[in-house]
Protein chains: 2
Amino acid sequence: MRKVDPAKHRARRQYILHAAAQLFAAKGFERTTTAEICKAAGMSSGNLFHYFPNKRAIFHAIFEEDGADSGESKAERLARAQASDDPWAALLEVVELLTADAMNPVAPPLVMEAVVQAHRDPELDALLGRDNAQEHTAVATLLAKAAAAGQIDPALDPHDAATWVLALIASLYTSAATDPAFRPAAQLPVLRLILQRFLKAPPLDVHPPRA
Amino acid sequence: MRKVDPAKHRARRQYILHAAAQLFAAKGFERTTTAEICKAAGMSSGNLFHYFPNKRAIFHAIFEEDGADSGESKAERLARAQASDDPWAALLEVVELLTADAMNPVAPPLVMEAVVQAHRDPELDALLGRDNAQEHTAVATLLAKAAAAGQIDPALDPHDAATWVLALIASLYTSAATDPAFRPAAQLPVLRLILQRFLKAPPLDVHPPRA
DNA sequence: GTCTATATATAGATAGAC
DNA sequence: GTCTATCTATATATAGAC
């Protein structure tokens, strides 16, 4: 056959990305050298740069890998959730979808690193921004529908509330990255409790007295 | 008088730290060169290293500057809050104390960078860990007292709840660092609302005995 | 205390053989 | 596609004059 299967080329790329992700998570982008990536991937410098044009492209590719492996892409699952006729249940599914990665030990530090790098890398910033906008739209849509269906407090602004829902989810990653004692899986119920109490309508007409 | 007032030496150090903080916030630790710090501080390389032994020491010093300038140090204010006889009010004061810095535009990215750097810098990790432990103790103590006083849900575990209170506060910094549209000052009331709904006792019977 | 000049090292990326 | 060898740039930190 002609042309070395593109499948093999793709597999090799994935292997490099996997090795690089570990390093970037442990040491950050700048302190991870291409030489280390070569060693971890078991190949030479000349070969590494045959697969990726530069170090930054490797980092980007880690966050571009979407769908393909799983049956359904994240975007598809978000879209399907938005169309649900039980917005609250759909919201809980979205929360589960977005928190799943936090259980993977490399994800939290990797996400932190990506956020920091996005400050000085417009391309990465745009990439993460698109992801975040997608998630924000999905959550805000569900919150609006849930409010209309009487499932949550209708007084909440869907946009602001969605921002905080995503912030709480992000806390799972930042806390895991910061505090070695923090176990995302164990804290998931607390996260759900906070969301429920925050979003569910105030019990009666109780107005908490604040001085 | 004696030579070289220590005051002048200290002022010069502070000036370097101020200049360096801006750069570290904008470009991160690794991508900020000592040459840039020299330029921003208006001095030569040889002189910069007269004030600090190395680049990392400059970064550390930014997070060590505590108290001295303000009338009362953060540790003192936390200790005083813990002794309050109105735990809920004291908790709100602690929240205000810990969120104040988020309004300073350089603080959020700087905090993010510190967290990331702490992963590979044990000394910095210890420094931030001490700060965080102090805050966690203060909040957990106040939550336990507030529960005993019937001000919040007594079913909450003070340790876990304190972790999430601090996580919510941290969200103010991470969101500000991530999303240019996020205005910490404007979102502070939402943060307070979430805390109130999360922590206050389940609606049914218990109500705060405050009058 | 402040400067200029530079030692030292290490990084990312490329060239070109096989 | 994969390698070895290396170019080029740039960074931290130091030496030593003033």
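Keep in mind it's a predicted model, so treat the numbers as computed, not measured. Here is how names work: the chains are called A, B, and so on, in the same order as the sequence lines, proteins then strands, and each is numbered from 1.
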Rounded to whole Å, please give me the gap between [atom1] in [X] and [atom2] in [N].
X       : N      : atom1 : atom2 : value
A:Arg12 : D:dG1  : CZ    : C1'   : 9 Å
B:Met43 : C:dC3  : CE    : P     : 7 Å
B:Arg31 : D:dT12 : CZ    : P     : 12 Å
B:Phe52 : C:dT2  : CZ    : P     : 13 Å

task: Could you run through nucleotides 11-18 of chain C and give me one letter per nucleotide, 5' to 3': B if any protein heavy atom sits under 4.0 Å from the base, S if only the sugar-phosphate is that close, - if neither?
output: SSBBB---
field: Charged N-O contact under 4.0 Å between A:Glu123 and A:Arg56
entry: no
query: Distance check: side-chain N/O of A:Tyr51 vs OP1/OP2 of D:dG1, anything under 4.0 Å?
result: no
query: Can a side chain N or O of B:His50 be found less than 4.0 Å away from OP1 or OP2 on C:dT2?
result: no
Which residues pass the salt bridge (Lys or Arg N to Asp or Glu O under 4.0 Å) test with [X], not counting sequence neighbours?
X        : result
B:Glu30  : B:Arg120
B:Glu96  : none
B:Arg130 : none

message: Checking A:Asp86 now: which residues fulfil side chain to side chain donor-acceptor pair (under 3.5 Å) with it, not counting sequence neighbours?
response: A:Gln151
message: Can you list everything that forms a side chain to side chain donor-acceptor pair (under 3.5 Å) with B:Glu93? Sequence neighbours excluded, please.
response: none
